[in-house]
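Encoded as C-alpha cells, the structure appears first; notes follow it.
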Amino acid sequence: IDAPELPTEEGKDAKIYLENLILDKNVILEKDVSETDRYGRLLKYVYSEGTFVNKEMVRTRNAVVSRYEPDTRQCDEIAG
C-alpha cells in the first residue's frame with residue numbers, strides 16, 4: 001500500500017489512523033518476496049488483533065493499493 005506522506009494533512013491523518021490500529025497491540029508482520037523496497041522501506045503485510053491492517057488502511061482511504069512486482073501476492077485481497 002501507499003499512504004500519503006508527512007507532513008501533509010492527509011499523511012498526518014493516515015499516521016493517526018495507523019497508530020490506532022497497531023500502537024501497543026500485538027502485531028504480526030508477514031513477508032511477501034522482498035524485505036525492503038528500493039528506498040529501504042520494509043515491505044510487510046501487517047496483522048493486528050484479527051485486522052488485516054494493509055486492507056483496513058485502503059478500505060478507509062488512508063492508503064491506496066500499489067503493485068510493485070514481485071511483492072503482489074495480497075494486492076487483490078487488499079483492494080477488496
Side-chain angles (χ1 to χ4, degrees):
I1 62 173
D2 190 13
E5 299 290 329
L6 293 171
T8 66
E9 201 59 39
E10 295 85 2
K12 291 175 188 176
D13 291 343
K15 179 184 177 200
I16 290 167
Y17 193 80
L18 178 61
E19 286 174 343
N20 287 329
L21 288 174
I22 65 172
L23 195 62
D24 297 323
K25 297 179 182 171
N26 290 323
V27 173
I28 297 170
L29 302 177
E30 181 181 297
K31 177 181 159 187
D32 195 331
V33 175
S34 307
E35 288 290 336
T36 58
D37 67 8
R38 63 184 173 178
Y39 303 107
R41 297 176 294 200
L42 288 176
L43 295 174
K44 303 293 181 196
Y45 300 116
V46 181
Y47 301 88
S48 176
E49 299 184 354
T51 299
F52 186 8
V53 174
N54 307 65
K55 185 173 183 171
E56 181 66 9
M57 291 292 289
V58 170
R59 185 189 73 76
T60 58
R61 297 192 172 131
N62 284 290
V64 296
V65 174
S66 295
R67 295 177 187 269
Y68 298 105
E69 294 291 341
D71 301 288
T72 59
R73 179 170 42 90
Q74 294 279 24
C75 283
D76 289 341
E77 172 68 22
I78 294 167

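Shown here is Asn26, whose CG atom has no more than 12 heavy atoms of other residues, nucleotides or ligands within 6.0 Å. Shown here is Lys15, whose NZ atom has no more than 12 heavy atoms of other residues, nucleotides or ligands within 6.0 Å.
Not counting sequence neighbours, Glu5 has no partner by the salt bridge (Lys or Arg N to Asp or Glu O under 4.0 Å) test. Partners of Asp76 by side chain to side chain donor-acceptor pair (under 3.5 Å), not counting sequence neighbours, listed by chain and number: Arg67. Partners of Ser48 by side chain to side chain donor-acceptor pair (under 3.5 Å), not counting sequence neighbours: none found. Applying the side chain to side chain donor-acceptor pair (under 3.5 Å) test to Arg41 and every residue at least two apart in sequence or in another chain returns Asp37. Glu77 meets the side chain to side chain donor-acceptor pair (under 3.5 Å) test with Lys55; sequence neighbours excluded.
Cluster note: Ile78 groups with Ile1, Tyr17, Leu18, Leu21, Ile22, Val27, Ile28, Leu29, Tyr45, Val46, Tyr47, Phe52, Val53, Met57, Val58, Val65 through ILVMFWY side-chain heavy atoms spaced under 4.5 Å, whether in direct contact or through intervening members.
Nearest heavy atoms, Asp32 versus Gln74: OD2-N, 4.4 Å. Closest approach of Asp71 to Cys75, counting heavy atoms only: O-SG, 4.4 Å.
Distance check: Leu43 CG to Glu35 CD gives 8.5 Å after rounding to the nearest 0.5 Å.
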Q: In sequence, state the C-alpha distance, the side-chain angles, and the governing distance for Lys12 and Leu6, and then conclude on side-chain contact (heavy atoms from CB on, under 4.5 Å).
A: CA-CA 6 Å; Lys12 291 175 188 176; Leu6 293 171; 3.9 Å; yes
Q: Run the numbers on Lys44 and Lys31 for side-chain contact (heavy atoms from CB on, under 4.5 Å), then give the verdict.
A: CA-CA 5 Å; Lys44 303 293 181 196; Lys31 177 181 159 187; 3.9 Å; yes
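A donor-acceptor pair under 3.5 Å is absent between the side-chain atoms of Arg73 and the main chain of Val33, judged by distance alone.
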